[in-house]
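Order of the sequence lines fixes the chain letters, A, B, ..., with proteins taken first and strands second; residue numbering starts at 1 for each chain.
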Amino acid sequence: MSGANTARLERLSGMLKRRGILLPAFEIHGGAKGLYDFGPVGGRLRNRVNQTWLNHWLSLGNIVELSCPTVTPYAVLEASGHVGEFSDFMTMCSACEEASRADTLLEAFHPNPDSLTKADLQALLDNAQPPCPSCNAVEWTEITAQNLMFNTTIGAGRSGRPGFLRPETAQGMFTSFPALYRHNRERLPFGAVQVGKGYRNEISPRQGMIRLREFNMAELEYFINPHEPLKHDFTAWDGHVITLVADEQGEVNMTFSEAVEKNIIRHETVGYFMAKTFDFLTKVGIDAQRLRFRQHEADEMAHYATDCWDAEIHGSYGWIECVGIAHRGCYDLEAHENATGKTLRARREFDKPQVVEIDGWTIDGAKAGPAFRALAGAVKVAVENLPSETHFPLALTLETGDEVMIEQEHVKRDQRTETLSGEWYIPHVVEPAFGIDRIIWHILDHAYDEVGKDGEEYTTLRLSDHVAPVDYCVFPLFEKDGMGELAKSIHAKLCMKPNVVSMYDSSGSIGRRYARADEIGVPRCITVDHQSLEDQTVTVRSRDTGEQHRIHIDKL
RNA sequence: GCGGAUAUGGUGUAGUGGUAACAUAGGAGGUUUCCAACCUCUUGUCGCGGGUUCGACUCCCGCUAUCCGCACCA
């Protein structure tokens with residue numbers, strides 16, 4: 001980062017604190033790392049970003065909003081793979097007390113040590129004896145698991161169950177799949193969105209809002225039928241040339257249509273959500289010139305994903321990943337199915353019913369039951385797998401390892417025709433996941449405009465109307481002759497309107513008040529002057545142009 | 001987690017072993033016919049804990065936080 005950038009970043013951070021937008025949390029108690037307050041102005045900004053995000057997706061028509069708990073039982077996150085994935089196995093050097101990740105130490109000794117269990121890692125460490133990267137000693141302590149999730153206990157005393165604060169909102173939406181499926185009349189595609197808090201106990205949070213321990217996230221899970229790929233129309237975006245950093249081609253500039261045609265974007269629905277993400281980010285004020293999409297390399301991608309792109313935004317900290325758009329396949333639903341035995345599937349009907357001829361053997365329960373007793377179940381499975389030309393008696397080795405003799409009387413022919421009208425499948429999921437704090441940071445970064453005005457630094461926050469925390473400031477030119485009263489009544493009227501925030505300010509010169517309003521990005525200021533008292537008109541000043549026009553109070 | 005630097009009103013800074021200053025911001029009043037003007041008055045500060053000392057914002061130790069490297073992480 002250059003010196004000029006650092007200085008700008010410091011002025012920006014100072015302004016955000018001074019104006020009540022972003023502040024270190026719990027500061028009077030000394031603060032807490034990785035935790036931030038959205039202040040009296042920032043709280044409203046965050047809310048507007050969240051609301052804009054929700055509206056953006058709900059407008060698609062087949063998306064519903066969920067709100068799931070942040071406190072999550074151990075089993076849920078074990079099934080999703082977070083207990084394993086979010087654990088780092090650490091070991092400490094007894095000589096210099098430097099902690100290291102065991103899998104990193106063992107990279108030279110195993111093709112993929114990250115995949116090993118704790119016991120295997122320990123065995124490999126004992127065998128390989130890698131030297132400490134800090135001091136070259138070989139004195140490793142026993143491996144311990146360090147989890148990046150916040151632990152908690154659900155319930156008290158002996159009835160308490162282990163749990164975590166969720167590291168993402170997604171799992172609640174996957175575990176709600178049966179309710180979502182029912183709600184959507186059992187027809188795909190449909191989606192669920194959730195805006196909420198996530199928690200990661202980062203070892204070392206850095207860079208202000210970029211890595212937090214408690215963060216705001218917004219995720220969409222879009223459930224699709226893999227047998228019927230969706231067609232999307234990208235012509236609406238043909239006017240925009242997008243910067244794509246592709247896995248194979250490197251940086252290319254083209255429209256979404258072209259990228260999908262050329263199979264650079266490998267999955268059309270992933271491409272569709274990239275385009276919709278582009279719309280959202282530019283709507284809330286991200287500069288399109290400082291936005292790009294970067295494709296995950298094959299080895300960077302989670303093993304279940306078929307295509308994965310990050311939206312990266314350039315700001316004071318360089319290019320930062322702010323949105324991840326991933327095709328997650330059926331991984332999550334399947335994982336929860338496997339862990340619970342519950343069905344998380346959708347039904348699809350075949351175009352033509354499939355007719356299956358069954359010609360084989362099954363057991364005669366009345367004879368085989370008493371004969372094989374506890375083994376009868378395993379015998380049934382084995383017999384039903386036998387070809388129709390099998391002759392009995394027959395000696396069989398069961399899956400249990402037991403050997404049995406099957407007599408003719410134990411079995412009977414099974415000859416029938418089954419008609420299958422459809423099948424149950426596990427839906428695939430395309431997941432756009434938004435880091436709201438990172439996006440808000442870049443909205444502020446991109447909107448923060450400093451100009452020399454009359455030899456002085458003058459700062460304006462050029463926020464989009466969608467997210468500006470305050471819609472109007474109402475000023476009396478002077479607080480006398482009734483101008484103050486009229487301005488207050490206009491302010492009160494504006495505050496009554498739904499979803500409108502107005503501020504009244506009468507202290508300092510008019511120029512100072514405009515400057516204060518500009519600094520928190522108020523798009524329009526309304527000023528009551530002498531003429532207002534005569535003809536009930538006021539001036540409306542636009543933040544970005546400074547231009548004023550006069551309109552009647554009733555038209556506000 | 002390791003190493004280095006830092007911590008003074010809301011913000012940006014000065015300064016000292018004897019209880020703190022400047023600028024700016026904020027409040028009240030005055031003035032002013034629209035973009036941080038001016039005048040008067042005014043509010044508010046040494047990150048937390050311990051030690052040394054008659055006395056600590058200042059020196060020492062610990063903690064916490066911030067910034068920069070390294071490591072870690074999406």
Side-chain angles (χ1 to χ4, degrees), chain A residues 1 3 6-7 9-20 23-36 39 85-86 88 90 92-93 96-101 103-104 132-135 146 148 167-168 198 200-208 210-213 215 217 294 296 300-302 308 310-312 319-324 326 433 435 438 453-460 473 475-481 483 505-519 525-533 538-543 545-548 550:
Chain A
M1 210 188 298
T6 309
L9 179 57
E10 278 169 12
R11 288 193 302 275
L12 170 56
S13 305
M15 185 281 279
L16 295 175
K17 195 172 172 188
R18 184 160 32 88
R19 291 296 182 199
L23 312 94
F26 312 119
E27 208 182 9
I28 63 167
H29 285 279
K33 215 172 185 180
L35 302 175
Y36 272 82
E85 191 187 325
F86 271 63
D88 286 339
M90 308 294 291
M92 223 170 64
C93 172
C96 68
E97 303 205 322
E98 178 89 7
S100 292
R101 281 181 56 168
D103 57 322
T104 311
C132 171
S134 294
C135 70
Q146 177 173 339
L148 295 176
E168 58 173 39
R200 291 182 194 181
N201 203 357
E202 298 281 357
I203 293 170
S204 177
R206 280 289 173 88
Q207 299 180 302
I210 303 302
R211 267 176 75 197
L212 299 172
R213 287 191 167 132
F215 47 92
M217 60 196 319
R294 196 178 67 81
H296 281 210
E300 181 184 17
M301 213 150 42
C308 191
D310 288 340
E312 298 184 329
W319 285 104
I320 297 291
E321 172 210 338
C322 295
V323 184
R438 290 180 175 191
K453 191 175 180 183
D454 303 329
E456 263 184 278
E457 280 287 288
Y458 191 93
T459 64
T460 307
C473 276
F475 308 141
L477 191 53
F478 308 109
E479 210 169 26
K480 62 177 185 186
D481 301 337
M483 285 185 270
D505 193 355
S506 66
S507 61
S509 72
I510 190 75
R512 179 180 296 262
R513 283 177 269 164
Y514 283 142
R516 276 195 288 248
D518 285 344
E519 201 168 34
C525 293
I526 295 167
T527 302
V528 171
D529 59 10
H530 291 97
Q531 193 182 330
S532 311
L533 300 172
V538 291
T539 63
V540 178
R541 167 193 179 267
S542 139
R543 177 195 66 207
T545 63
E547 283 169 10
Q548 296 185 14
R550 188 166 274 282

Stem regions touching RNA chain B, defined by at least 3 consecutive Watson-Crick or wobble G-U pairs below 3.5 angstrom:
B:1-7 with B:64-70, B:10-13 with B:21-24, B:26-30 with B:38-42, B:47-51 with B:59-63
Provide the distance between the two [atom1] atoms, one in [N] and one in [M], to the nearest whole Å.
N     : M     : atom1 : answer
B:U11 : B:G50 : C1'   : 31 Å
B:U6  : B:G10 : P     : 23 Å
B:U45 : B:U33 : C1'   : 40 Å
B:U58 : B:G15 : C1'   : 10 Å
B:C59 : B:G44 : P     : 28 Å
B:C60 : B:U52 : C1'   : 7 Å
B:A23 : B:U8  : C1'   : 14 Å
B:U16 : B:C22 : C1'   : 15 Å

Please report the closest heavy-atom contact between A:Phe475 and A:Ala517, naming both atoms and the distance.
CZ-CB, 4.3 Å
Search all heavy atoms of A:Tyr514 against all heavy atoms of A:Cys525 and return the closest pair with its distance.
CE2-CB, 3.6 Å
Please report, rounded to the nearest Å, how far the [atom2] atom of [N] is from the [atom1] atom of [X].
X        : N     : atom1 : atom2 : result
A:Ile28  : B:G49 : CD1   : C1'   : 17 Å
A:Arg516 : B:G26 : CZ    : C1'   : 9 Å
A:Arg11  : B:U13 : CZ    : P     : 12 Å
A:Leu477 : B:U31 : CG    : C1'   : 13 Å
A:Asn201 : B:G1  : CG    : C1'   : 13 Å
A:Tyr458 : B:A37 : OH    : P     : 11 Å
A:Glu519 : B:U11 : CD    : P     : 14 Å
A:Glu27  : B:G9  : CD    : C1'   : 13 Å

Begin from the C-alpha positions of A:Arg18 and A:Glu519 and carry the test salt bridge (Lys or Arg N to Asp or Glu O under 4.0 Å) through to its verdict.
CA-CA 10 Å; A:Arg18 184 160 32 88; A:Glu519 201 168 34; 3.5 Å; yes
Mind checking if [X] touches a base, just sugar-phosphate, or nothing, with heavy atoms under 4.0 Å?
X        : result
A:Gly20  : nothing
A:Gln548 : base
A:Phe475 : nothing
A:Ser507 : sugar-phosphate

State whether [X] and [Y] are salt-bridged, where the test is any N-O pair (Lys NZ or Arg NE/NH1/NH2 against Asp/Glu carboxylate O) under 4.0 Å.
X        : Y        : answer
A:Asp505 : A:Arg512 : no
A:Arg541 : A:Glu547 : no
A:Lys17  : A:Glu27  : yes

Does A:Arg541 make a side-chain donor-acceptor contact with the base of B:C35, cut-off 3.5 Å?
yes
Tell me, do [X] and [Y] make a side-chain contact under 4.5 Å, heavy atoms counted?
X        : Y        : answer
A:Glu321 : A:Arg438 : yes
A:Arg213 : A:Arg200 : no
A:Val540 : A:Gln548 : no
A:Thr459 : A:Asp518 : no

From A:Thr527 atom OG1 to A:Arg550 atom CZ, the distance as rounded to the nearest 0.5 Å:
9.5 Å
List for me each residue that meets salt bridge (charged side-chain N to carboxylate O under 4.0 Å, His left out) alongside A:Arg543, sequence neighbours excluded, and say none if there are none.
none
Proximity to the side chain of [X] - top-ranked nucleotide from [options]:
X        : options             : answer
A:Arg211 : B:C72, B:C34, B:U11 : B:C72
A:His530 : B:U33, B:G27, B:U11 : B:U33
A:Ile510 : B:A28, B:A36, B:C34 : B:C34
A:Arg18  : B:U11, B:U32, B:C35 : B:U11
A:His296 : B:A36, B:A74, B:U33 : B:A74

Mind listing the N/O atom pairs, protein and nucleotides 41-45 of chain B, below 3.5 Å?
none

Which residues pass the side-chain contact (heavy atoms from CB on, under 4.5 Å) test with A:Glu10, not counting sequence neighbours?
A:Thr6
Who passes side-chain contact (heavy atoms from CB on, under 4.5 Å) against A:Ser13, sequence neighbours left out?
A:Leu9, A:Trp441
Should A:Ser509 be listed as having a side-chain N or O under 4.0 Å from OP1 or OP2 of B:A37?
yes
Quick one: is A:Arg512 getting a side-chain N or O under 4.0 Å of the B:A37 phosphate, OP1 or OP2?
yes
The answer to which of A:Gly546 and A:Asp505 contacts RNA chain B further toward the 5' end, by nearest nucleotide, is A:Asp505
Identify all pairs in which a protein N or O lies below 3.5 Å from an N or O of nucleotides 61-67 of chain B, and state each distance.
residue : atom : partner : partner atom : Å
B:U64   : O2'  : A:Gly30 : O            : 3.2
B:A65   : OP1  : A:Lys33 : N            : 3.4
B:A65   : O4'  : A:Gly30 : O            : 3.2

